[in-house]
Amino acid sequence: MMRLASRAVVTAAVAGLTLSGAAAVPASASSTVGFGTIQYDSPGKDTRSNASLNAEWVTIVNRTSRTADLTGWTLSDADRHAYRLHLKLGAGRSVKVHTGAGRDTATDVYWGSRAYVWNNDRDTATLRDSRGRTVATKSWR
């Protein structure tokens, strides 16, 4: 099934932010920020309900010992549906990017799409930094 999504922008304060006056280290293509688990096939029937859309998600993990500034980074699929991140991810922390709508928290942010993004049969998730350099990819078939 071909899945489409709209573009969305989110601003989130993520747990583990640097203290006031301390600078976050800009994450780069050589960093160890990447993907954790990807739930590309929402469990059960694809009803297009918000709950079903939000059961489809991608985890982004900061495996460094410093806060990573992901402002301007994008998460996209093979069809180039893109989600722009605006957050700082604390050292050793992760954030789930859910497909549907919701209220952003320290551990979960929401794309705001009204359609599924990730294809069940095959797709590729790509994470790019603010300069458009590919930081991580993860594919499935």
Side-chain angles (χ1 to χ4, degrees), residues 1-20 22-141:
M1 171 193 311
M2 174 75 97
R3 293 182 173 179
L4 301 176
S6 61
R7 293 180 187 256
V9 176
V10 67
T11 301
V14 177
L17 293 178
T18 57
L19 298 175
S20 179
V25 174
S28 69
S30 63
S31 72
T32 55
V33 174
F35 293 118
T37 304
I38 297 178
Q39 179 64 47
Y40 56 83
D41 185 2
S42 180
K45 290 187 174 191
D46 288 346
T47 63
R48 289 189 150 206
S49 70
N50 195 55
S52 181
L53 291 169
N54 283 333
E56 178 181 87
W57 43 262
V58 173
T59 305
I60 298 172
V61 180
N62 177 3
R63 294 180 182 94
T64 72
S65 60
R66 302 180 85 178
T67 296
D69 186 352
L70 305 185
T71 302
W73 285 40
T74 57
L75 169 63
S76 61
D77 69 347
D79 291 326
R80 297 189 183 199
H81 300 110
Y83 174 80
R84 186 168 303 277
L85 296 156
H86 288 283
L87 57 90
K88 292 179 183 176
L89 189 57
R93 302 286 181 149
S94 64
V95 63
K96 280 186 185 176
V97 179
H98 297 271
T99 297
R103 186 172 183 205
D104 295 340
T105 69
T107 56
D108 299 271
V109 296
Y110 297 86
W111 191 307
S113 176
R114 294 179 186 220
Y116 297 98
V117 173
W118 308 106
N119 295 328
N120 296 347
D121 57 347
R122 69 178 139 204
D123 211 338
T124 299
T126 302
L127 185 63
R128 288 185 178 85
D129 68 15
S130 60
R131 293 184 181 177
R133 296 176 297 199
T134 299
V135 174
T137 61
K138 193 167 188 178
S139 298
W140 55 93
R141 290 193 180 267

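Nothing here was measured: the structure is a model prediction, and the numbers come from that model.
The two atoms that bring Ser52 and Thr47 nearest to each other are CB-OG1, 3.5 Å, heavy atoms only. When all heavy atoms are compared, the tightest approach of Ala78 to Asp123 is N-OD1, 3.0 Å. Closest approach of Thr124 to Ser139, counting heavy atoms only: OG1-OG, 2.7 Å. Nearest approach of Asn62 to Leu89, heavy atoms of both residues: ND2-O, 2.9 Å. Gly34 and Ala136 make their closest contact through CA-CB, 4.0 Å (heavy atoms, listed as atom of the first residue, atom of the second, distance).
When each of Trp111, Tyr116, Tyr110 is paired with Ser113, the side-chain contact (heavy atoms from CB on, under 4.5 Å) condition holds for Trp111 and for no other. Of the listed residues (Val109, Val95, Leu87), just one forms a side-chain contact (heavy atoms from CB on, under 4.5 Å) with Ile60, and that residue is Val95.
Between the CG atom in Leu127 and the OG1 atom in Thr134 there is a gap of 9.0 Å [rounded to 0.5 Å]. To the nearest 0.5 angstrom, Ser130 atom OG is 8.0 Å from Asp69 atom CG. The distance from atom CG of Asp41 to atom CD of Glu56, rounded to the nearest 0.5 Å, is 8.0 Å. Separating the CZ atom in Arg84 from the OG atom in Ser76 is a distance of 10.5 Å, to the nearest 0.5 Å. In this structure, the separation between OG1 on Thr126 and NZ on Lys138 is 12.5 Å, given to the nearest 0.5 Å. Between atom NE2 of residue His81 and atom OG1 of residue Thr74 there is a gap of 13.5 Å, rounded to the nearest 0.5 Å.
Side chain of Asn54 to main chain of Gly100: a donor-acceptor pair is present (N/O by atom type, distance under 3.5 Å, no hydrogens or angles). At distances below 3.5 Å, at least one donor-acceptor pair connects side-chain atoms of Thr105 with backbone N or O atoms of Thr107. Judged purely by atom type and a 3.5 angstrom limit, Asp77 has no side-chain atom pairing as donor or acceptor with the backbone of Ala125. A donor-acceptor pair is defined here as one N or O able to donate and one able to accept, closer than 3.5 Å; no such pair exists between the side chain of Lys96 and the backbone of Thr37. Checking side-chain atoms of Asp129 against main-chain N and O of Arg133 turns up a donor-acceptor pair under 3.5 Å. In this structure, Arg122 contributes its side chain and Trp140 its backbone to no donor-acceptor pair below 3.5 Å.
Leu85 has its side chain out of reach of Thr71: every pair of non-hydrogen atoms, C-beta onward, lies at least 4.5 Å apart. Proximity of Thr99 to Trp118: side-chain heavy atoms (C-beta onward) are separated by under 4.5 Å at one or more points. Side chains of Val58 and Leu75 form a contact here, defined as non-hydrogen atoms less than 4.5 Å apart.
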- Please test Arg128 against Val135 for side-chain contact (heavy atoms from CB on, under 4.5 Å), starting from the C-alpha separation and ending with a verdict. CA-CA 5 Å; Arg128 288 185 178 85; Val135 174; 5.8 Å; no

Practice problem: List the steps, then state whether side-chain contact (heavy atoms from CB on, under 4.5 Å) holds for Asn119 with Tyr40. | Solution: CA-CA 7 Å; Asn119 295 328; Tyr40 56 83; over 6 Å; no

